[in-house]
Amino acid sequence: MTEVSSLTGRLLVATPTLADPNFDRAVVLLLDHDEQGSLGVVLNRPTPVGVGDVLLPWAPLAGAPGVVFQGGPVALDSALGLAVIPGEEGPIGWRRVHGAIGLVDLEAPPELLASALGGLRIFAGYSGWGPGQLEEELGEGAWYVVESEPGDVSSPDPERLWRAVLRRQRSELAMVATYPDDPSLN
């Protein structure tokens with residue numbers, strides 16, 4: 001078995017040709033990636049459901065837009081919280097994933113984290129890949145792998161995140177941001 005280089009904390013940006021409708025123009029933050037598989041959340045799929053409708057105590061801490069995001073097609077009845085907390089130490093109820101980005105324990109009392117939280121997002125479900133599955137998709141050219149920035153988690157305009165992430169790349173990927181939604185209309 002080949003060794004897997006961890007992509008935890010990086011972004012998977014769907015190529016324009018990725019055929020899976022679950023990931024059309026998706027930007028996925030990888031929360032865990034190792035030889036056992038990969039887990040992430042789609043950062044740019046807001047739903048019409050308000051955070052207060054499902055997790056009322058957390059609603060005042062959720063960043064704009066204050067809605068639940070669809071993190072992926074797996075376990076849509078579960079919730080994950082992500083928040084940006086600068087500095088070396090995070091509060092009880094928060095676990096660092098990468099840099100200033102970490103997972104929030106949604107079972108913890110919100111007041112334990114309230115003063116430290118920045119950019120809380122709530123996700124219904126997640127995106128998951130079994131051992132070797134993501135590597136296979138990468139080999140097929142389904143995803144671009146790029147560095148994440150803390151602001152990606154709390155982007156105030158998530159519908160434009162796909163283009164924004166591509167546009168900031170210092171390579172030919174910046175040109176992909178101009179790819180039309182429907183190439184057949186060109």
Can you find a heavy atom in the side chain of Ser171 that is under 4.5 Å from one in the side chain of Tyr144? no

Residues Val51 and Ala62: closest non-hydrogen pair is CG2-CB, 3.9 Å

According to a hydrophobic-cluster definition based on side-chain heavy atoms being under 4.5 Å apart (Ile, Leu, Val, Met, Phe, Trp, Tyr only), do Leu7 and Trp129 belong together? yes

Go through the steps to decide whether Val176 and Leu166 satisfy the test side chain to side chain contact (heavy atoms under 4.5 Å, CB included), and finish with yes or no. CA-CA 7 Å; Val176 177; Leu166 288 170; 3.8 Å; yes

Answer with yes or no whether the side chains of Glu147 and His98 bring together a donor and an acceptor at under 3.5 Å. no

d(Asp157 CG, Arg163 CZ) to nearest 0.5 Å is 12.0 Å

Is there a continuous path of hydrophobic side-chain contacts, each under 4.5 Å between heavy atoms, that joins Trp94 to Val153? no

Could you tell me whether the side chain of Trp58 and the main chain of Gly52 form a donor-acceptor pair under 3.5 Å? no

Is there a chain of hydrophobic side chains (I, L, V, M, F, W, Y, each step under 4.5 Å between heavy atoms) that links Leu112 to Leu117? yes

Is there a donor-acceptor pair under 3.5 Å between the side chain of Arg121 and the backbone N or O of Ala64? yes

Indicate yes or no: at least one non-hydrogen side-chain atom of Tyr126 is less than 4.5 angstrom from one of Val28. no

Any Val145 side-chain heavy atom under 4.5 Å of Leu11 side chain: no

Working to the nearest 0.5 angstrom, can you tell me the gap between Leu31 CG and Thr8 OG1? 8.0 Å

Are any of the side-chain heavy atoms of Glu159 and Arg25 separated by less than 4.5 Å? no

Do Val54 and Leu120 sit in one hydrophobic cluster, given that two such residues count as connected whenever their side-chain heavy atoms are within less than 4.5 Å of each other, even indirectly? yes

Answer yes or no: is there a side-chain heavy-atom contact under 4.5 Å between Arg45 and Asp24? yes

Backbone N/O of Gly130 and side chain of Gln133: donor-acceptor pair under 3.5 Å: yes

Spatial distance of atom CD (Gln70) from atom CG (Leu43) [nearest 0.5 Å]: 13.0 Å

In chain order, what residues pass the side chain to side chain contact (heavy atoms under 4.5 Å, CB included) check against Pro60, with sequence neighbours excluded? none

How many angstroms lie between atom CG of Leu30 and atom CG of Leu39, to the nearest 0.5 angstrom? 8.5 Å

Show your reasoning for whether side chain to side chain contact (heavy atoms under 4.5 Å, CB included) applies to Ser127 and Val74. CA-CA 6 Å; Ser127 302; Val74 182; over 6 Å; no

Measuring from Leu103:CG to Arg96:CZ, what's the distance to the nearest 0.5 Å? 12.0 Å

Atom OG in Ser148, atom CD1 in Ile101: separation rounded to 0.5 Å? 4.0 Å

Could you report the tightest heavy-atom contact between Ile85 and Gly90, atom names first, then the distance? CG2-CA, 4.4 Å

Side chains of Val67 and Ile122, heavy atoms from C-beta outward: is any pair under 4.5 Å? no

Thinking salt bridges, do Asp152 and Arg168 make one under a 4.0 Å N-O criterion? yes

Among the clusters formed by ILVMFWY side chains lying less than 4.5 Å apart, do Leu161 and Phe23 turn up in the same one? no

On a heavy-atom basis, which atom in Ala142 and which in Leu18 lie closest, and how many Å separate them? CB-CD1, 3.4 Å

Is there a side-chain contact between Leu113 and Leu61 in this structure, where contact means two heavy atoms from C-beta onward sitting under 4.5 Å apart? no

Does the side chain to side chain contact (heavy atoms under 4.5 Å, CB included) test come out yes or no for His33 and Leu134, once each step is laid out? CA-CA 9 Å; His33 176 252; Leu134 179 57; 3.9 Å; yes

With a cut-off of 6.0 Å (strictly less than), are more than 12 heavy atoms of other residues, nucleotides or ligands near CZ of Arg160? no

Heavy-atom closest pair (Ala116 atom, Pro91 atom, distance to 0.1 Å) is CB-CG, 3.9 Å

In short, Pro65 meets Pro158 closest at the heavy-atom pair CD-CD, 4.2 Å

If you look at every heavy atom in Thr47 and Val68, which pair is closest and at what distance? OG1-O, 2.7 Å

Trace of the side chain to side chain contact (heavy atoms under 4.5 Å, CB included) decision for Val13 with Trp143: CA-CA 5 Å; Val13 180; Trp143 300 97; 5.7 Å; no

Please work out which of the three classes, parallel, tilted or perpendicular, describes the rings of Phe123 and Phe69, given edges at 30° and 60°. tilted

Taking the side chain as every heavy atom from C-beta outward, state whether Val42 and Val27 have any pair of such atoms under 4.5 Å apart. no

